[in-house]
Amino acid sequence: MSQDQLKQAVALAALEYIRPLLENDSVIGIGTGSTANLFIDALASIKGLVNATVASSEASASRLKNHGIPVYDLNTVNQVDFYIDGADESNAALQLIKGGGAALTREKIVAAVAARFICIADESKLVHTLGQFPLPVEVIPMARSHVARELVKLGGDPIYREGVVTDNGNVILDIYNFPIPQPLAMEQKINNITGVVTNGLFALRPADVLLLGTASGVRTLTAE
Ligand code: 5RP
């Protein structure tokens with residue numbers, strides 16, 4: 001199976017996962033990226049059952065609206081029951097690297113509010129140690145050089161993602177050559193650098209469930 005077929009399989013598996021749990025007042029958090037896009041398209045097939053969504057990016061909000069699915073501002077809902085999103089990497093504890101699509105801050109906010117975070121990914125995303133994928137860091141533009149120097153002190157090679165401005169008006173530094181054996185401590189350490197909005201480690205708030213697309217079917221993983 002191709003990577004796209006595995007992404008399609010996990011998008012459908014996420015739909016089947018939440019469908020029996022949906023209630024009249026349910027709010028669904030929607031992630032960003034190609035796997036999340038496939039989930040949005042699948043969700044459109046049951047849009048009559050969808051009370052409300054909140055989106056982690058302008059791109060996902062407009063894809064939802066194009067399907068006629070209601071999208072709300074996070075501040076106007078009382079709860080988020082499920083958050084469905086992809087990832088760039090996951091370890092066995094379901095700690096993630098996210099932000100390949102530059103939406104990490106809003107993704108982290110929606111994940112923080114969500115009662116249940118269901119991550120959907122193809123099997124290439126499961127790793128032993130996080131950090132083969134460059135770790136995205138969202139930075140206030142004027143702090144870019146300062147933050148880059150601090151990230152070098154932590155042992156990484158930060159590279160400015162040219163031409164990318166986040167939905168929040170900020171820039172992205174991607175940290176290369178940066179294995180992360182202790183994601184919890186590193187998430188906090190990077191967030192403590194002045195000028196950092198947040199980084200793409202989801203260790204303080206990992207996923208609750210990982211639906212992993214494999215050649216032999218979709219596996220349902222919970223944290224080890
Ligand atoms: C966007 C993200 C995405 O979830 C991550 O990049 C995975 O994307 P894809 O589903 O396209 O592989 O964090 O900021």
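Just so you know, these numbers use all the heavy atoms, side chains as well, and skip hydrogens, waters and symmetry mates. Start at 1 and go down the list; that is how both ligands and their atoms are numbered.
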Heavy-atom gap G31 to ligand 1 smaller than 4.0 Å:
no
When you look at D4 and S2, which way does the side-chain hydrogen bond (donor to acceptor under 3.5 Å, both in side chains) test go after all the steps?
CA-CA 5 Å; D4 285 348; S2 70; 5.3 Å; no
Counting heavy atoms only, which of K125, Q3, R106 is nearest atom 12 (O) of ligand 1?
K125
For atom 9 (P) of ligand 1, what is the nearest protein heavy atom, given as residue, atom name and distance?
S34 OG, 3.3 Å
Protein contact to atom 4 (O) of ligand 1 [nearest heavy atom, distance to 0.1 Å]:
K98 NZ, 2.9 Å
Give a yes or no on whether V197 and L151 share a hydrophobic cluster (residues Ile, Leu, Val, Met, Phe, Trp, Tyr; joining criterion: side-chain heavy atoms under 4.5 Å apart).
no
Evaluate the side chain to side chain contact (heavy atoms under 4.5 Å, CB included) criterion for residues L210 and L126: first the C-alpha distance (whole Å), next the side-chain angles of each, then the deciding distance (0.1 Å), finally the verdict.
CA-CA 10 Å; L210 172 61; L126 187 62; 4.2 Å; yes
Quick test of your reading of the structure: of V10, D88, L104, D85, whose heavy atom lies closest to atom 8 (O) of ligand 1?
D88
Out of G200, G99, A102, who is nearest to atom 13 (O) of ligand 1 when you count heavy atoms only?
G99
Minimum-distance protein heavy atom relative to atom 2 (C) of ligand 1:
E107 OE2, 3.3 Å
Pull out every atom of ligand 1 sitting under 4.0 Å from any heavy atom of K7, numbered as shown with elements.
9 (P), 11 (O), 12 (O)
What about A103: any of its N or O atoms under 3.5 Å from an N or O on ligand 1?
yes
What atoms of ligand 1 come within less than 4.0 Å of a heavy atom belonging to T32?
1 (C), 2 (C), 3 (C), 4 (O)
